There are 2 protein chains.
Amino acid sequence: MDTAPSRRSDPPHERPTVRTLARMAGVAVSTVSRALKNDPRISPDVRRRIAELAQRAGYMPNALARTLSGGRSGLIGFVLGSMHNPFYAEMLEQAVAQAAERGLRLLIVHVGPGPIEETTSNALLQYQVDGCLIASAELTSRAADICAARGVPVVMVNRVARRHGSSVSCDNTAGGREVAAFLLAGEHRRFAIVHGTVGVSTTDDRERGFCAGLAEAGLHLSQHLPGNSTYEGGYAAGCHIAQLGDAEQPDAVFALNDIMAMGVLDALRAAGARVPEEVSVIGFDNVPASGRPGYALTTLGQPLGLMVRRSLDLLTARIEDPALPEETVVLRGQLIVRRSARLPSTA
Amino acid sequence: MDTAPSRRSDPPHERPTVRTLARMAGVAVSTVSRALKNDPRISPDVRRRIAELAQRAGYMPNALARTLSGGRSGLIGFVLGSMHNPFYAEMLEQAVAQAAERGLRLLIVHVGPGPIEETTSNALLQYQVDGCLIASAELTSRAADICAARGVPVVMVNRVARRHGSSVSCDNTAGGREVAAFLLAGEHRRFAIVHGTVGVSTTDDRERGFCAGLAEAGLHLSQHLPGNSTYEGGYAAGCHIAQLGDAEQPDAVFALNDIMAMGVLDALRAAGARVPEEVSVIGFDNVPASGRPGYALTTLGQPLGLMVRRSLDLLTARIEDPALPEETVVLRGQLIVRRSARLPSTA
DNA sequence: AATATTAGTGCAAACGTACGCATGATGCGG
DNA sequence: CCGCATCATGCGTACGTTTGCACTAATATT
């Protein structure tokens, strides 16, 4: 009646559980459970004894069982855009590190371009994530809908919530406007925009701010090209620009994110255009690669680390108290001046 | 006695469980459970009725509870190197997509440079991962040790297992040798190597193969620089090379991975060196950015998609049958010839 | 017609943890 | 010396699912 018949093959290591420890210590499981979380009700020596025992046996609590019992999983679902955009790659690194600081783990649900599949989004719910971070530019409102319907807090990063969820983003409109102001000060007069994914608030706002800035100076866009938020898209746009006739040739190109800006730059240079003497290129994001001497991209930098921090703040707050209203945080970006755009004359 | 007193606040959505469905359908929970997985023992009409009910109620099985009962979590722990190296970024994207195809989710445990923290590696065990994929070049043997001690299958990707675990990698030695052969055929005579992280099998093997290739031709390395597996490290190495005297100046630089090679290239060009006329640069990995016109890097490409596939094959096989012996898979890389290295004379 | 088989379903235990409540053992004031 | 508060610990149940076994009723077999 005492012979626990170890269900399966024994070869590896039957993981010790609270029950195991309880048997070893000759106490009840509840005592072990409490002792391990330093419940003051358990006498100090029993606590110490059990702690040592746990240490020696290599006991690890089963987070999944704990969830079942306690309600919180400590898991955050993460939906991410294409890793070919270094902005998202770095966001991932930040998110993992900062989540770990708070004792949270990231369950990565989707990465890459393209919409999120049904089975994938279901995983979000099946694994009882406490909350969800959505940082894909693509049409992921579906994932947000699913979470919202189930009462899972959602925070959108770098993208304003269309329907549900809080969001954290850079002030894209102001950023676009600042880019416009900088280019106008540099006496540029003919402007092209290389657009990312249409219908996404992030890039739409950047364009809107930019155009508003131009409009205030009585100017407007002379070219508007698709860039698909990829390097290749940017390159294609750059090629197109390079072969425009003199009449249409812009003297400044605003690519709505850095990865496209790099493509534009490479294409223009490959076509023999001198940057920034003949044409200025300016991006958005300030990904690490923009700072490389080969690119030296002038760009509007997003405060990525802070954005991730605020996102987690919002998320944990709404996990604590689901009744909290949704919240929108907008952070100011900062223009990073490098050498891909002509500078304002130092008057 | 029948009034389920909905434990918490009701406002959001009390998620339906098998129990809920059972009550609604007027059957036992076991019937629901079986019906939902199309157990042929349940009569077709009951099955259909329950399926509809589940659909209507928006039922989602609790994967965590299932784990507790069934043993498998469907979770794979993932330890990853720095996302500043696009090689790892792309590996992540591949891994997520391919894992999803197999119904597995990635619990991302660590990303970035630096060793893995204790609390982090514990998460690996607490969340009952079925297996673990380790793709960090850093000193993560600790994570491997922990898993091995607990009987969690481990597969190392792009890195040969030192002690435990299976591994999948490119044939780095052969790759290094092939690079040497290519450069020798291009009549290069003075060779520099930019090394990554020392003590990591991956880069060590590349260097060994390269040197062996040189040795067969009676040649040897003339420079050996640290590159730290970062762009910045490569850039620094490139600067150093550029300012060497003529006597020491290499005519070929082999950077042990692409991210460093890009740094070397940018540094050499910034210093006015003509690539590949004066000096050839060759990398390893074939990350997407290497193909950009601005770099046009000749490199030894790793079959990344296949590496991830084999890794998951190995992992799932050992999850099925833990008694399986550890296995090492070595895949052949392929030289991608672009324009950063002088070509062999077309004799 | 009696029994063996099968289909369809329910019961209950198990997984590992947490926690409310009950219990036993002390200490102390009256 | 008894009753009462306090402390330390145990018991039992809950969380949501799976699964072995038992059970009933209908069908097939002899």
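This structure is a prediction, so every number in the text was calculated from the model and none was measured. Every chain is numbered from 1, with letters handed out A, B, ... down the list of sequences.
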If the condition is side chain to side chain donor-acceptor pair (under 3.5 Å), which residues does [X] pass it with, not counting sequence neighbours?
X: Thr316(B); answer: none
X: Thr20(B); answer: Thr17(B)
X: Thr119(A); answer: none
X: Gln126(A); answer: none

Among residues two or more places apart or on two chains, list those pairs meeting salt bridge (Lys or Arg N to Asp or Glu O under 4.0 Å) that have a residue in residues 34-44 of chain A.
Asp39(A)-Arg41(A)
For residues 306-318 of chain B, the salt bridge (Lys or Arg N to Asp or Glu O under 4.0 Å) pairs (sequence neighbours left out) are Arg102(B)-Asp313(B), Arg310(B)-Asp313(B)
Rounding to 10°, can you tell me the angle the first-five-pair axis of the helix from dA1(C)-dT30(D) to dG30(C)-dC1(D) makes with its last-five-pair axis?
60°
Going by the rule side chain to side chain contact (heavy atoms under 4.5 Å, CB included), which residues pair with Val160(A) if we only count those two or more places apart in sequence or in a different chain?
Ser167(A), Ser169(A), Ser201(A)
Report each atom pair, protein N/O against N/O of nucleotides 19-21 of chain D, whose distance is under 3.5 angstrom.
{"from": "dG20(D)", "atom 1": "O6", "to": "Arg34(B)", "atom 2": "NH2", "distance (Å)": "3.0"}

Sequence neighbours left out, cut at 3.5 Å: what donor-acceptor pairs do the side chains of residues 52-67 of chain B make with other protein atoms?
{"from": "Asn62(B)", "atom 1": "OD1", "to": "Leu64(B)", "atom 2": "N", "distance (Å)": "2.8"}
{"from": "Asn62(B)", "atom 1": "OD1", "to": "Ala65(B)", "atom 2": "N", "distance (Å)": "3.1"}
{"from": "Thr67(B)", "atom 1": "OG1", "to": "Ala63(B)", "atom 2": "O", "distance (Å)": "2.8"}
{"from": "Thr67(B)", "atom 1": "OG1", "to": "Arg72(B)", "atom 2": "O", "distance (Å)": "3.3"}

Can you list, by residue number, the residues of residues 60-68 of chain B that have a non-hydrogen atom closer than 4.0 angstrom to DNA chain C?
Leu68(B)
DNA chain D contacts among residues 43-59 of chain A, heavy-atom distance under 4.0 Å:
Ser43(A), Val46(A)
